[in-house]
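As structure tokens, the structure follows; a few thoughts come after it.
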Amino acid sequence: MAANTSLLSENFLSGLRQVLGVAKSSLSLHEPEFGGNEWAYVKECIDTGWVSSVGKYVDEFELKLAEFTGARHAVAVVNGTAALHIALQIAGVKAGDEVLVPALSFVATANAVSHCGAVPHFVDSSESTLGLDADALASHLEFVAERTAGGLRNKNTGRKIAAIVPMHTFGHPVDMDGLMHVAARFSLPVVEDAAESLGSTYRGSHTGTFGCMGVLSFNGNKIITTGGGGAILTNDPDIARQAKHLTTTAKQPHRWEFVHDAVAYNYRLPNLNAALGCAQLERLPDFLTRKRQLAENYRKTFAHIPGVHFIDEPEGCHSNFWLNAVRLSGASMSVRDALLVVANDAGYQCRPAWALLNKLPMYQDCPKADLSVAEALEASLINLPSSPKLAALLT
Ligand SMILES: *Cc1c(COP(=O)(O)O)cnc(C)c1O
């Protein structure tokens, strides 16, 4: 190990130790916490037999999600990927179209585009938010796109560019003002991937409520969990109706007849999972408080450590700090990997950010913009243990 890499490793490890204490067993990156009404609500589903596609908890979960986020409507579905798939379809994405997505994201963002038969078109991130860079996106579109009667077209591929999917990375809100402005300029719908940002607000409004739709995930590693689950947020009652219809086999309401009016999906969230979700939502304010406390401790500690920068909430934003992260200055992949070895060996489960999506085998031939910021972020970001439980260890 080079001398400055080993100094960086030492500093990084001492920072983790200050915040988390000595790891007696492995401290995981994130884990769910069930300390409230989870057991009671799930038990009630089993006792009453309402475990599946119908039951009061689905309706209640949707109402509570809408109330918490300030969206007019929330439609609960089976997972975040399914939510994105349906949201894109409702936003008008068709087979053969392109959809603008960040290269720095979880694979589900691009997979949902592929599930529509469309092609992800990768764009760069901003250093300050880790999410889509509005200015870079505008310049890229000026360069590659042309307006036609049928909409915006990629001059290089001939395909229609049909939507933008910003993602709020690790719970940090992306520059929604900038992106909504670019979207309006190029007449593109926006579907927000807010899978990581339940509890995060941008200029006072909840993430996922700026675009025509926003999408949440309640996977086991997210800030609250339903085991597996997701939701589509929207302010448009007509979109909400479509989302419900398409995710519940497009069945026309009737007392006994089975008449379906579209090729649709069985993407509904079972009542059993929604029960878990209702109990978890009751805990969310407490999770948010403790995550903020943990972030504060990381922030304070890493402020004194050269070469390691804590990723903080962007200006004007309130992040849920779902996954804390640091950025190593001037880092290469080899430096990043050396630190990952040191941290994981000491029992702190740290992880790099995702491999850029344009490098994955199924996406390597997709259209892309200059991705130099995303490349630098990929080489220098490290996620830190972020369970709300870890805040309790601190004094
Ligand atoms: C978790 C996640 C999803 C999808 O969630 P699932 O519920 O696991 O399908 C989508 N996008 C991002 C950025 C995520 O982190």
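Numbers for residues simply follow the sequence, beginning at 1.
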Salt-bridged, [X] to [Y], with N to O below 4.0 Å?
X    : Y    : value
R299 : D312 : yes
K251 : E257 : no
R241 : D238 : yes
R336 : E378 : no
E315 : R203 : no
K56  : D59  : no
E196 : K222 : no

Using a 3.5 Å cut-off and no angle test, enumerate the donor-acceptor pairs between side-chain atoms of residues 72-80 and protein atoms at least two apart in sequence or in another chain.
unit_1 : atom_1 : unit_2 : atom_2 : d
R72    : NH1    : N235   : O      : 3.0
N79    : OD1    : T81    : N      : 3.1
N79    : OD1    : A82    : N      : 2.7

Legend entry - Qualifying ring-ring contact (aromatic ring centres under 6.0 Å, His included) pairs, either residue in residues 213-250, two or more places apart: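 Residue pairs passing ring-ring contact (aromatic ring centres under 6.0 Å, His included), neighbours aside: F61-F218.
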
Inset, instruction - Would you please name every residue forming a salt bridge (Lys or Arg N to Asp or Glu O under 4.0 Å) with E313, sequence neighbours left out? - result: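 E313 satisfies salt bridge (Lys or Arg N to Asp or Glu O under 4.0 Å) with R292 once adjacent residues are dropped.
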
Legend entry - Residue list, salt bridge (Lys or Arg N to Asp or Glu O under 4.0 Å) with E31, at least two apart or on another chain: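 So E31 forms a salt bridge (Lys or Arg N to Asp or Glu O under 4.0 Å) with K389.
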
Legend entry - W50: hydrophobic cluster co-members (side-chain, 4.5 Å): V54

Legend entry - Same apolar cluster: L216 and L63, side chain cutoff 4.5 Å: no

Legend entry - Closest contact, heavy atoms only, N154 versus E98: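 In this case the closest contact between N154 and E98 is ND2-OE1, 2.9 Å.
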
Distance-only donor-acceptor hits, side chain of residues 160-169, under 3.5 Å, sequence neighbours excluded:
unit_1 : atom_1 : unit_2 : atom_2 : d
H168   : ND1    : V174   : N      : 3.0
H168   : NE2    : E192   : OE1    : 2.8
T169   : OG1    : L130   : O      : 3.2

Legend entry - Test salt bridge (charged side-chain N to carboxylate O under 4.0 Å, His left out) applied to E296 and R290, step by step: CA-CA 10 Å; E296 170 69 12; R290 285 188 284 144; over 6 Å; no

Inset, instruction - Using only heavy-atom distances, determine whether the side chains of Y265 and Q89 contain a donor-acceptor pair under 3.5 Å. - result: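 Checked: Y265/Q89 side chains pair up, N/O donor to acceptor below 3.5 Å.
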
Inset, instruction - Please tell me if the side chains of S205 and F210 come closer than 4.5 Å, counting only heavy atoms from C-beta onward. - result: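 Yes, at least one pair of side-chain atoms sits under 4.5 Å.
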
Inset, instruction - Would you check if H172 and W322 make a side-chain contact, meaning some heavy-atom pair closer than 4.5 Å? - result: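 A side-chain contact under 4.5 Å is absent here.
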
